[in-house]
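The block underneath contains the structure these notes are about, expressed in structure tokens.
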Amino acid sequence: MSAATSHTYSEEQIWDFLKEITDPEIPVLNIVEMGIARGVDIEGDHVQVRITPTYSGCPAMNAIEKLVNDKLSDKGLSEYSVKMDYSETWTTDWMTEEAKAKLKDYGIAPPEKTGDDDDFLKSLSGTKIVPCPFCDSFETELQSQFGSTACKSQYFCNNCDQPFEHFKCI
């Protein structure tokens with residue numbers, strides 16, 4: 001492919017490229033619907049993509065940065081950069097409703113809106129009720145504050161006998 005410039009693609013096309021990049025930890029979600037991709041800035045021939053980590057120690061961010069670089073390179077862009085944007089703190093409220101539905105279909109209980117999760121201490125004590133993503137039962141119990149990643153907790157459904165993870169409300 002010959003070298004492309006920012007004039008080759010519109011901002012909308014760059015966003016479409018970013019939608020092709022899935023989260024390394026949750027492969028059913030892309031970085032746009034996760035709210036990780038925060039901006040596309042085009043100045044002259046240079047394209048800059050801004051990404052925000054889900055939390056400061058997220059081990060996937062270096063991989064995501066590389067995936068964005070690889071995607072822009074694969075599309076033929078020669079002048080681009082990826083900027084880690086810490087100006088705002090990522091929140092699960094930035095996840096789209098479509099992303100939350102995909103999480104549930106994948107077997108992960110999605111996070112609630114932060115305003116609906118008014119008792120953070122309840123979530124730490126294990127008394128928070130999280131509906132099962134498989135059968136929607138509320139007969140669930142916390143097994144561990146941490147699942148396969150720090151942003152998820154491990155639950156068990158006493159109705160359908162399925163273990164599942166809950167994406168923590170941040």
Side-chain angles (χ1 to χ4, degrees), residues 1-118 120 123 130-134 136 147-153 164-170:
M1 176 181 280
S2 62
T5 68
S6 63
H7 303 295
T8 306
Y9 299 114
S10 68
E11 181 179 332
E12 183 180 347
Q13 288 171 308
I14 302 293
W15 279 105
D16 288 342
F17 299 154
L18 298 175
K19 290 176 184 173
E20 296 173 7
I21 302 169
T22 57
D23 184 306
E25 294 175 341
I26 308 170
V28 295
L29 301 180
N30 69 57
I31 65 170
V32 173
E33 61 194 1
M34 282 285 294
I36 293 170
R38 300 303 298 161
V40 172
D41 303 310
I42 300 174
E43 276 193 39
D45 289 335
H46 188 85
V47 173
Q48 184 179 69
V49 173
R50 290 180 288 115
I51 57 176
T52 296
T54 54
Y55 64 96
S56 61
C58 179
M61 288 312 292
N62 287 339
I64 291 171
E65 183 176 2
K66 181 180 182 326
L67 291 170
V68 172
N69 278 310
D70 291 349
K71 178 61 69 178
L72 297 176
S73 177
D74 290 348
K75 297 299 181 182
L77 285 166
S78 58
E79 294 189 38
Y80 58 85
S81 60
V82 179
K83 178 182 178 187
M84 204 65 72
D85 187 348
Y86 298 101
S87 64
E88 295 178 276
T89 303
W90 183 87
T91 169
T92 49
D93 287 347
W94 291 358
M95 295 174 74
T96 65
E97 291 305 313
E98 180 183 31
K100 291 177 181 180
K102 285 181 178 179
L103 274 178
K104 186 173 187 263
D105 289 345
Y106 193 60
I108 299 173
E112 305 79 17
K113 285 280 187 196
T114 53
D116 297 340
D117 193 17
D118 60 352
F120 181 69
S123 69
V130 174
C132 174
F134 300 108
D136 295 322
S148 60
T149 60
C151 59
K152 292 180 269 183
S153 51
F164 67 92
E165 291 185 308
H166 172 240
F167 200 107
K168 296 175 185 172
C169 181
I170 301 172

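Nothing here was measured: the structure is a model prediction, and the numbers come from that model. Because only heavy atoms are used, hydrogens play no part in the values below, and waters and symmetry mates are left out as well, while side chains stay in.
Distance alone, capped at 3.5 Å, is enough to place a donor-acceptor pair between the Glu165 side chain and the Ser148 backbone. Not one N or O on the side chain of Thr52 forms a donor-acceptor pair closer than 3.5 Å with the backbone of Tyr86. A donor-acceptor pair is defined here as one N or O able to donate and one able to accept, closer than 3.5 Å; no such pair exists between the side chain of Trp15 and the backbone of Ala37.
Side-chain contact between Val68 and Ile31: present, with at least one pair of heavy atoms (C-beta onward) separated by less than 4.5 Å. Considering only heavy atoms from C-beta on, Glu65 comes within 4.5 Å of Met84 through its side chain. Annotation: side chain of Lys102 is in contact with side chain of Glu33 (closest heavy-atom distance under 4.5 Å). Under the 4.5 Å side-chain criterion, counting only non-hydrogen atoms from C-beta, Pro111 is in contact with Leu103. Two residues are said to be in side-chain contact when any heavy atoms from C-beta on lie closer than 4.5 Å; Arg38 and Trp94 meet this criterion. Taking the side chain as every heavy atom from C-beta outward, Thr54 and Asp23 never approach each other to under 4.5 Å. In this structure, the side chains of Val49 and Leu18 come closer than 4.5 Å at one or more pairs of heavy atoms.
The pair Lys104-Asp136 counts as a salt bridge, with a side-chain nitrogen and a carboxylate oxygen less than 4.0 angstrom apart. In this structure, Glu25 does not pair ionically with Lys152, as no charged nitrogen and carboxylate oxygen lie closer than 4.0 Å.
Closest approach of Pro24 to Ala60, counting heavy atoms only: CG-CB, 4.2 Å. Shortest non-hydrogen contact noted between Phe164 and Gly107 is CB-O, 3.7 Å. Here the shortest heavy-atom pairing between Ile51 and Met61 reads CD1-CE, 3.7 Å. Considering every non-hydrogen atom in both Met34 and Met95, the closest pair reads O-CG, 3.7 Å. Across all non-hydrogen atoms, the minimal contact from Ala109 to Val130 is CB-CG1, 3.6 Å. Across Pro27 and Thr22, no two heavy atoms sit closer than the pair O-CG2, 3.4 Å.
For the atom pair CD of Glu79 and NE2 of His46, the computed distance is 7.5 Å after rounding to the nearest 0.5 Å. With rounding to the nearest 0.5 Å, the separation of CZ in Phe167 from CD1 in Ile26 is 4.5 Å. Note: Leu29 CG to Ile36 CD1 = 9.0 Å, rounded to the nearest 0.5 Å. Here NZ of Lys113 is found 8.0 Å from OG1 of Thr92. Values are rounded to the nearest 0.5 Å. Taken from OH in Tyr9 to CG in Leu77, the straight-line distance is 6.0 Å, to the nearest 0.5 Å. Remark: Asn30 CG to Ile21 CD1 distance equals 8.5 Å, nearest 0.5 Å.
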Q: Apply side-chain contact (heavy atoms from CB on, under 4.5 Å) to the pair Lys168 and Cys151, showing each step before the final yes or no.
A: CA-CA 6 Å; Lys168 296 175 185 172; Cys151 59; 5.5 Å; no

